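Accompanying notes for the structure given below.
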Amino acid sequence: MASEYLVPEHALTYVISGEFGINKFGKKYTYGAGESVLFKRNELARFTKDPLGETPFSCVTIFFMQPFLQKYYTTNAPAQAFLKEEHESYLKMIPFCTDPLFESLFNSVLPYYKYSNPLPQELISMKLMEAMTILRTINKKGTDSILSDFAEPGKIDLGDFMEKNFTYNVNLERFGYLTGRSLATFKRDFQKTFNTTPQKWLLQKRLEQAHFLLTTNKKKPSEVYLEVGFENLSHFSASFKQMFGYNASSL
DNA sequence: CGCTGCCAAAAGGCGCAAAT
DNA sequence: ATTTGCGCCTTTTGGCAGCG
C-alpha cells in the first residue's frame, strides 16, 4: 500500500488491476480495473494502491506536461473560453468508466515498458495526441477545463491553506509554490501568521492530531503516523515522546 | 525604503538500519 | 510492532544585492 501526496503535472491514470483509491475532500474514491481518472496538477490528495484478492495492483499513467499542452491548445481551441474563476469552479479530477477507447490506448502503450531504449519523441507525441483526442471525445468540456488551465498558483491565504493541508507531507518549497510564494517569502509570511517556523509548527500540529486520533479514536500508532503526515514510524515515535513525554504506544 | 530572491553556515529534523 | 542510534540533508538563520 503505497502513499503519495501530490501530482505535479496533469495525469491520466488507467487502472489495469487491483484497487486505486483517492482520499480527497474528506471522501474516499475507489477505482477498479478498466477505469481511469484524469487529475489536475498540483492538487494535494492521498493515494492508495492495493491488490484486489489475488491480483496485484497495476496501473499506467500518462503525464501531460505544460509545453505539450501549450502547443496543443494553440492549434486546438478549448471547448469554450474559460475565465479564471470558471477553471477553479470545475472539478479537480474526472473519473471515467470502462471505455473501449481507453482500453485500446493503454493496451497499445503497455508494451512500451518492455522496450529498453528510449522511445522516439515522435511516438510519444503521437500517443499524447491520441490521448487528447479520446479524452475530448468522451468529455470535452471537462478535460479542457483541466488541461487548458495554465494559471500558476496565486498568492492565497497562507494560514487557511496550512490549517487544511498540514497532514500532507510535502516539503516547504512546494508549500510555498502552492500558496503562490517563493520559499523565502513563504517562510517570512509563515512567521507573521503563526509566529513560528514552518517546521516547528508542522511537527506540533501533526503530533497534536496524532494524539487526538490515538486517544479519542483508539487507533494504533502504525495506523496514524502516515495519516497525519509522517513518513516513517521511527521518527514519529521519537518526536511524540519528545513532545508529550510518553510513548505513543502507551495510549 | 520595503519587499523579494539568493546564498552560506549552522542546527536539528528526518529516515534508514538495528535493537528490543 | 515500536523504539533507539546515528549520519545525512532539509530547514533555519541572517546577511546581501536587485527591483519597484
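In this text the structure is predicted, and so the values were computed from the model without any measurement. In what follows, every chain begins at residue 1, and chains take the letters A, B, ... in the order their sequences are listed.
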Check: Would a line drawn from the ring center of A:H211 to the ring center of A:F244 be shorter than 6.0 Å?
Finding: yes

Checklist line | Listed partners of A:K71 passing side chain to side chain contact (heavy atoms under 4.5 Å, CB included), at least two apart | finding: none

Checklist line | is_close_aromatic(A:F102, A:Y14), centroid dist under 6.0 Å | finding: no

Checklist line | Atom pair distance, as rounded to whole Å: CD in A:E173 and C1' in C:dT12 | finding: 15 Å

Check: Centroid-to-centroid, A:Y225 to A:F230, below 6.0 Å?
Finding: no

Next item on the list: Establish, yes or no, whether the cationic atom of A:K205 lies under 6.0 Å from the six-membered ring centre of A:F166 and within 45° of the ring axis.
Entry: yes

Notebook entry, point to check: Considering only C:dT2, C:dT12, C:dT11, which nucleotide approaches the side chain of A:N171 most closely?
Noted result: C:dT11

Next item on the list: Answer with base, sugar-phosphate or nothing: what part of the nucleic acid does A:K241 contact at a heavy-atom distance below 4.0 Å?
Entry: sugar-phosphate

Next item on the list: If the plane angle is over 60° it's perpendicular, under 30° parallel, otherwise tilted; pick one for A:F194 and A:W201.
Entry: tilted

Item checked: Between B:dG5 (P) and A:Y177 (OH): distance, integer Å -> 14 Å

Check: What is the distance from CZ of A:F186 to P of B:dG5, rounded to the nearest Å?
Finding: 13 Å

Next item on the list: Encode nucleotides 7-20 of chain B as B, S and - characters from 5' to 3', where the letter depends on protein heavy atoms closer than 4.0 Å: B to the base, S only to sugar-phosphate, - to neither.
Entry: ------SBBBB---

Check: OP1 or OP2 of B:dG5 less than 4.0 angstrom from a side-chain nitrogen or oxygen of A:S182, does that happen here?
Finding: yes

Margin query: Between A:K164 and A:D160, does any NZ, NE, NH1 or NH2 come within less than 4.0 Å of an OD or OE carboxylate oxygen?
Written below: yes

Checklist line | Nearest-Å distance for atom pair CG/C1', residues A:N247 and C:dA1 | finding: 12 Å

Margin query: Base contacts versus sugar-phosphate-only contacts with protein, heavy atoms under 4.0 Å: please encode nucleotides 14-20 of chain C as B, S and - from 5' to 3'.
Written below: -------

Notebook entry, point to check: Between B:dG5, C:dT2, C:dT12, which one does the side chain of A:S249 approach most closely?
Noted result: C:dT2

Checklist line | Side-chain N or O of A:T185 closer than 4.0 Å to phosphate OP1/OP2 of B:dG5 | finding: yes

Next item on the list: Take atom CZ of A:F240 and atom P of C:dT4, then tell me their distance rounded to the nearest Å.
Entry: 13 Å

Next item on the list: For A:T167, enumerate each residue passing the side chain to side chain contact (heavy atoms under 4.5 Å, CB included) test, keeping only those at least two apart in sequence or located in another chain.
Entry: A:R46

Note to self: For a quick check of understanding: with a heavy-atom distance under 4.0 Å over all strands, which category does A:L172 fall into, base, sugar-phosphate or nothing?
What the structure shows: sugar-phosphate

Notebook entry, point to check: So what does A:T197 hit on the nucleic acid, given a heavy-atom distance under 4.0 Å: a base, only sugar-phosphate, or nothing?
Noted result: sugar-phosphate

Checklist line | Atom-pair distance (CG on A:L202; P on C:dT10), nearest Å | finding: 16 Å

Note to self: Less than 4.5 Å apart, side chain to side chain, heavy atoms only: is that true for A:L214 and A:F240?
What the structure shows: yes

Check: Can you tell which of C:dT4, C:dT2, C:dT11 lies closest to the side chain of A:P221?
Finding: C:dT2

Item checked: Listed partners of A:K27 passing side chain to side chain contact (heavy atoms under 4.5 Å, CB included), at least two apart -> A:Y29

Notebook entry, point to check: Is the shortest side-chain N to carboxylate O distance from A:K220 to A:E223 below 4.0 Å?
Noted result: no

Item checked: A:R181 CZ - B:dG5 P separation (whole Å) -> 10 Å

Notebook entry, point to check: How many Å lie between CG on A:L233 and P on C:dA1, as a whole number?
Noted result: 10 Å

Note to self: So for the helix from B:dC1-C:dG20 to B:dT20-C:dA1, with five pairs setting each end axis, what is the inter-axis angle to 10°?
What the structure shows: 40°

Notebook entry, point to check: Between A:F39 and A:F47, how do the two ring planes meet: parallel, tilted or perpendicular, split at 30° and 60°?
Noted result: perpendicular

